[in-house]
Novice: 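Dumping the structure here so I can ask a few things about it.
Here the structure is a predicted model, which is why all the values come from computation and not from measurement. Just so it is clear, the values below take in all heavy atoms, side chains as well, and ignore hydrogens, waters and symmetry mates. Note that ligands are numbered from 1 as they come in the structure, with each ligand's atoms numbered from 1 the same way.
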Amino acid sequence: MDKRTVLETVLRDEIMQLLSSPALDCIRETVQSENVRAYIIGGYVRDLILQRTSSDIDIVVEGSGIDVAEKVAEKLGVQVNVFKNFGTAMLRTREMEIEFVGARKESYRRESRKPIVENGSLEDDQNRRDFTINALAISLNRADTGSLVDPFDGIGDLERKLIRTPQNPDITFSDDPLRMMRAIRFASQLNFSIVDDTFEAIQRNAGRIEIISGERICDELNKIIMSEKPSAGFELLEKSGLLKLIFPQLALLQGVESKNGMKHKDNFEHTLQVLDNVADRSDSLWLRWAALLHDIAKPATKKFDETAGWTFHGHEFIGSKMIPGIFKHLKLPLNDRMRYVQKLVLLHLRPIVLAQEEVSDSAIRRLLFDAGDDIDDLMLLCDADITSKNRKTVDRHLANFQLVRTKLKEIEEKDAVRNFQPPVSGEIIMKTYGIGPGREVGTIKNAIKEAILDGIIKNSYDEAFQFMKAEAEKLGLKQAQ
Ligand code: ATP
Ligand code: MG
């Protein structure tokens, strides 16, 4: 059997299995008894063939999607949500989310972003899809249940791992510029290539991205970041000209400058490698964002020194200050996720310093205190930040970080400062000296914390209480009777 036949046989089994699930069996039956034509379409079919798991299914109906959805929901005994304005309806079974929509024909006018939408056939509906691999449909009709309707050789493109628009790409991207982001996102997510004329059309139409909302761009960026090798997506964003429009701070990291024979590394390439390294080790979106942003202030802090060469002093500090502006611009959440990214950017050089010197316990305690529960993520980021091509150098740095980890563990076991809680509370200070809340309480509490971090006293109630007494005396406080 040739490759194609094998694929079709495997696919046939998969499709038959899918169609025998209770929900789809019910949908097929309903469609056939109502005498309308309907198809499973789009991403679900693509992912089925790629053997990726997906749990939302789109059903396109030549006729009213809402009517079919309501009948199916009734038979299955589940809720249905109807969105009259969009002509869609959604229902949720235990395994999947199923969306019904009437087949439509779309035409765009140059002067408006909103297409004219009319009822149409399956063919019209497939014509408005963004990529050949997203236009595949599986028939639910009596005459040919389970057969594949593939007008643009989407199967061939899935096999060849290609992203291609079914229509003239200049029109596709100009009609809805979000599709440019989607093309790059799918390439990154599925490890596909974008065919030349489709990619060239993205380069020509990149400027149109300005009409797309930040939220939708951000969704695609997050999907690129979550792909197995996110650098692939960012390289395409850069090459297409989109990156400097949607994320100029990242685009600025690109380039190498040379002076007196000294050059610095390309910080864009470095950043992408750090991001890939983190992606190999962690599925956390926010740790990946921290990797992407860890050196974001290098262009802003770059200086040339005759003896030291290129320096980026303070880039961790300036970088952490830049994060809120970037998050706001990219419509990322301005909450504890953002503060986590800021913290990792701010601290990303600290373990390096600790790995280089004879390190004091107090420096280790301070890092534990500052990083808190994010210390493991920080150490992971530091490992990922080693991008030397020399294996020996990499191994040396990794070994140094291993030593820092051992130290961190020892000190944490001894002093427990990772989740520092003041051993003597403000209430105790106030009660002991018969004072109310105020500056003195803060001063004493802070002095106790500093003394613990510096190793002057142990992180214990007794030592902290004695220390409090000495500090209070300095402030001229007398114990209450
Ligand atoms: P994912 O669910 O991973 O984001 P998907 O391909 O399923 O991928 P959806 O946004 O769920 O993407 O859209 C479902 C289908 O709708 C797509 O497969 C595609 O056929 C079509 N589609 C979605 N967005 C567009 C668009 N901007 N232009 C044209 N067709 C689109
Ligand atoms: Mg989908």
Novice: Between Arg104 and Gly120, is there a donor-acceptor pair closer than 3.5 Å when you use the side chain of the first and the backbone of the second?
Specialist: no

Novice: Is there a donor-acceptor pair closer than 3.5 Å between any side-chain N or O of Thr165 and the backbone N or O of Asn168?
Specialist: no

Novice: Among Ile57, Ile138, Leu11, which residue satisfies the side chain to side chain contact (heavy atoms under 4.5 Å, CB included) criterion with Val45?
Specialist: Ile138

Novice: For Tyr44 and ligand 1, does the shortest N/O to N/O distance drop below 3.5 Å?
Specialist: no

Novice: State yes or no: are the ring centers of His348 and His315 separated by less than 6.0 Å?
Specialist: yes

Novice: Phe131: heavy atom below 4.0 Å from ligand 1, yes or no?
Specialist: no

Novice: Check ligand 1 against Arg128 and write out every atom of the ligand that is under 4.0 Å from a heavy-atom position of the residue.
Specialist: 29 (C), 30 (N)

Novice: Would you call the rings of Phe131 and Phe173 parallel, tilted or perpendicular if under 30° counts as parallel and over 60° as perpendicular?
Specialist: tilted

Novice: Within 45 degrees of the ring normal and closer than 6.0 Å to the centroid, is that where the cationic atom of Lys303 sits relative to Phe312?
Specialist: no

Novice: Could you check which of Arg182, Met180, Arg185 puts a non-hydrogen atom nearest to atom 1 (P) of ligand 1?
Specialist: Arg185

Novice: Please write down residue, atom name and distance for the protein heavy atom closest to atom 27 (N) of ligand 1.
Specialist: Asp176 OD2, 2.8 Å

Novice: If I apply the N/O under 3.5 Å rule, does Gly42 come out as touching ligand 1?
Specialist: no

Novice: Return a yes/no value: protein heavy atom under 4.0 Å from atom 11 (O) of ligand 1?
Specialist: no

Novice: Would one find an N or O of Asn134, backbone or side chain, under 3.5 Å from an N or O of ligand 1?
Specialist: yes

Novice: So among Asn277, Thr271, Asp276, which one has a side chain to side chain donor-acceptor pair (under 3.5 Å) with Ser231?
Specialist: Asp276

Novice: Only heavy atoms count here, so choose which of Arg46, Gln126, Arg129, Arg179 is nearest to atom 28 (N) of ligand 1.
Specialist: Arg179

Novice: Within ligand 1, which atoms have a heavy atom of Lys223 less than 4.0 Å away?
Specialist: 4 (O)

Novice: Between Asp125 and Lys105, does any NZ, NE, NH1 or NH2 come within less than 4.0 Å of an OD or OE carboxylate oxygen?
Specialist: no

Novice: Which residue in the set Lys298, Lys265, Lys302 passes salt bridge (Lys or Arg N to Asp or Glu O under 4.0 Å) when paired with Glu257?
Specialist: Lys302

Novice: Quick test: of every protein heavy atom, which one is nearest to atom 30 (N) of ligand 1, and how far off is it to 0.1 Å?
Specialist: Asp130 N, 3.3 Å

Novice: Nearest to atom 14 (C) of ligand 1, what protein heavy atom do you find, and at what distance?
Specialist: Asp58 OD2, 3.5 Å

Novice: Does ligand 1 have an atom under 4.0 Å from some heavy atom of Leu178?
Specialist: no

Novice: Using modelled atom types only, decide if a donor and an acceptor are shared between the side chain of Asn335 and the backbone of Arg337 within a distance under 3.5 Å.
Specialist: yes

Novice: Considering only non-hydrogen protein atoms, determine which one is nearest to atom 7 (O) of ligand 1 and report residue, atom name and distance to 0.1 Å.
Specialist: Gly43 CA, 3.5 Å

Novice: Looking only at distance, does Asp56 have an N or O less than 3.5 Å from an N or O of ligand 1?
Specialist: no

